[in-house]
S.K.: 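Here it is, the structure, as structure tokens.
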Amino acid sequence: MSILVTGGAGYIGSHTVLELQNAGYDVVVADNLSNSSRTSLERVRDITGKEITFYEADILDRDALRNIFAKEKITACIHFAGLKSVGESVAKPLEYYQNNIAGTLVLVDEMKRQGIKNIIFSSSATIYGDPAFVPITEECPKGICTNPYGWTKSMLEQILIDMQTADPEWNVIILRYFNPVGAHESGMIGEDPNGLPNNLMPFISQVAVGKLPELSVFGDDYDTPDGTGVRDYIHVVDLADGHVKALKKVSENVGLKIYNLGTGTGYSVLEMVKNFESVTGVKVPYAIKARRPGDIAACYANADKAKAELSWEAKFGIKEMCADAWNWQSKNPNGYGS
Ligand code: NAD
Ligand code: UD1
């Protein structure tokens, strides 16, 4: 009996594979390596000492999925595979809709054919748009997304909800991640963005390691305590653990469940810089710039539902997030390419 992890070679996927193995699960990974490398999984194997069955496979490829389902005894799928770059999705919307939406449709169709009706889906706080209120509960209405990437998450949530309504044998858990950061404490696996990082923490780390000259702080005139954007950063190992907890739940015939995975605490951009500097002792030069289009002032979770129903809550704080991001970045200045 194994768990299929699509996109398992990626940032969150590789950390989740590690936690799944630590929890005693056998793991099968399907990834087309479009935004990752085999090295991440080799390193997970080195950490856990357990083999991972890996298929270089695209979720759009029915034959490849059928081959996996024929060879492996899969009981549930954790579905990470997808394209995730906000800016790229604006430039290439059709590629994003094709890969993320069509890919998921093929995946769930093939799962259904095999009678495997347990899925955990990677959604995002981005589906709340400019949130109606903070802290954001799962009851907060879905909002207007500012980019095609966000819409793929919003639409896929609806597709999976409709699928589960039509066929209540499905167990669907939708996890809405807030802002994943950090890395495994070993510093052997972590986030390895392609080119210039879009997200704050990898940008800070790359400035700190000397790859980039300074951080641009996008706006200091928001309605937040110091004027810079506030987000709910969550340690990727906590996020991975959330998937292990969700996997236990999905096997209890839960039907449809939706959970926020965040810490419940928001930090501003300048607080992130200060914490990073104090934890690492490395200076992060920055300059205040114009707001980034599509950004919102504040976004942080109420994660009480995950605590009550999954017995999950984030264990790591901002210090560990910064220390572990730096440990990974300083040991692997060029990511998996180093
Ligand atoms: P990632 O790019 O590191 O991982 C995604 C993986 O999916 C990659 O290994 C990529 O090669 C693979 N992939 C993409 N398209 C595929 C396809 N058609 N077939 C097979 N494999 C494919 O990204 P991540 O940060 O680990 O994110 C994982 C999931 O979580 C994604 O669905 C992402 O949208 C979602 N998410 C991420 C964040 C974040 O900030 N990192 C926040 C919210 C939600
Ligand atoms: C972004 C995406 C969101 C996606 C999420 C994944 C946008 C508009 N939103 O969210 O769809 O789900 O990443 O984690 O891109 N910041 C800077 N300088 C930088 C980078 C970021 O000041 O170089 C600021 C931003 O303005 C924001 C905060 O840091 O206030 C966090 O930014 P980021 O890490 O990109 O995450 P989100 O904007 O929350």
Side-chain angles (χ1 to χ4, degrees), residues 5-16 29-38 40-41 55-61 64-65 78-87 89-90 95-96 98-100 102-104 106-107 121-129 145-147 149-153 156 175-181 190-194 196-204 206-207 212 214-220 222 224 228-234 236 239-240 243 261 266-270 272-273 286-300:
V5 181
T6 72
Y11 171 47
I12 305 170
S14 55
H15 286 83
T16 302
V29 169
D31 197 307
N32 66 1
L33 302 180
S34 59
N35 196 38
S36 53
S37 76
R38 286 168 195 267
S40 61
L41 293 175
Y55 290 86
E56 186 170 341
D58 195 306
I59 54 166
L60 282 154
D61 182 345
L65 292 181
I78 304 182
H79 177 32
F80 293 108
L83 298 173
K84 65 159 184 178
S85 166
V86 168
S89 79
V90 175
E95 286 183 24
Y96 271 66
Q98 174 70 8
N99 191 76
N100 294 4
T104 302
V106 172
L107 174 71
F121 174 62
S122 299
S123 189
S124 167
T126 201
I127 62 96
Y128 293 114
C145 298
T146 55
N147 55 77
Y149 163 72
W151 282 120
T152 69
K153 293 294 173 194
L156 280 168
L175 299 177
R176 293 175 176 161
Y177 314 154
F178 281 67
N179 290 57
V181 296
E191 187 170 11
D192 185 13
N194 262 333
L196 200 63
N198 296 308
N199 297 118
L200 180 64
M201 187 59 115
F203 208 107
I204 290 178
Q206 292 198 13
V207 170
L212 296 169
E214 69 175 12
L215 170 73
S216 296
V217 175
F218 297 140
D220 67 348
Y222 285 105
T224 59
T228 66
V230 168
R231 298 290 184 274
D232 186 336
Y233 297 94
I234 173 169
V236 67
L239 194 60
H243 292 76
L261 294 184
Y267 289 96
S268 74
V269 177
L270 294 181
M272 291 300 284
V273 171
Y286 68 84
I288 306 292
K289 298 280 171 64
R291 291 183 179 193
R292 182 172 66 177
D295 269 357
I296 53 175
C299 174
Y300 51 97

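Numbers here simply count residues along the sequence, with the first being 1. Note that ligands are numbered from 1 as they come in the structure, with each ligand's atoms numbered from 1 the same way. Being a predicted model, the structure only gives us computed values, none of them experimental.
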S.K.: Indicate, as side chain, backbone, both or neither, the part of S123 found under 4.0 angstrom from ligand 1 when only non-hydrogen atoms are considered.
M.R.: backbone
S.K.: Quick one: does T146 get a heavy atom under 4.0 Å from ligand 2?
M.R.: no
S.K.: Judged by non-hydrogen atoms, does L33 sit under 4.0 Å from ligand 1?
M.R.: yes
S.K.: Are Y149 and S85 close enough that some pair of their side-chain heavy atoms sits under 4.5 Å apart?
M.R.: no
S.K.: Can you find a non-hydrogen atom of G103 under 4.0 Å from ligand 1?
M.R.: no
S.K.: For D295, take its heavy atoms, then give the atoms of ligand 2 lying under 4.0 Å from any of them.
M.R.: 8 (C), 25 (C), 26 (O), 38 (O)
S.K.: Atom 34 (O) of ligand 2: which protein heavy atom is closest, and how many Å away?
M.R.: L200 N, 2.8 Å
S.K.: Can you tell which part of K153 has a heavy atom less than 4.0 Å from ligand 1: side chain, backbone, both or neither?
M.R.: side chain
S.K.: Write out the residue and atom name of the closest protein heavy atom to atom 1 (C) of ligand 2, then the distance separating them to 0.1 Å.
M.R.: N199 ND2, 3.7 Å
S.K.: Atom 20 (C) of ligand 2: which of I127, N198, L215, V181 has the nearest heavy atom?
M.R.: N198
S.K.: Nearest heavy atom to atom 36 (N) of ligand 1 wins, so pick from Y11, Y55, Y149.
M.R.: Y149
S.K.: So which bit of Y286 gets within less than 4.0 Å of ligand 2, heavy atoms only: side chain, backbone, both or neither?
M.R.: neither
S.K.: Is it the side chain, the backbone, both or neither of I59 that has a heavy atom closer than 4.0 Å to ligand 1?
M.R.: both
S.K.: Where the closest heavy atom to atom 18 (N) of ligand 1 is concerned, which of T16, N99, D31 has it?
M.R.: N99
S.K.: Please list the nearest protein heavy atom to atom 27 (C) of ligand 2 with its residue and the distance rounded to 0.1 Å.
M.R.: R231 NH2, 3.7 Å
S.K.: Looking only at protein heavy atoms, which one is nearest to atom 38 (O) of ligand 2, and how far off is it?
M.R.: R292 NH2, 2.8 Å
S.K.: Give a yes or no answer on whether the side chain of N199 reaches the backbone of M201 with a donor-acceptor pair at less than 3.5 Å.
M.R.: no
S.K.: With a 4.0 Å cut-off on heavy atoms, is G8 in contact with ligand 1?
M.R.: no
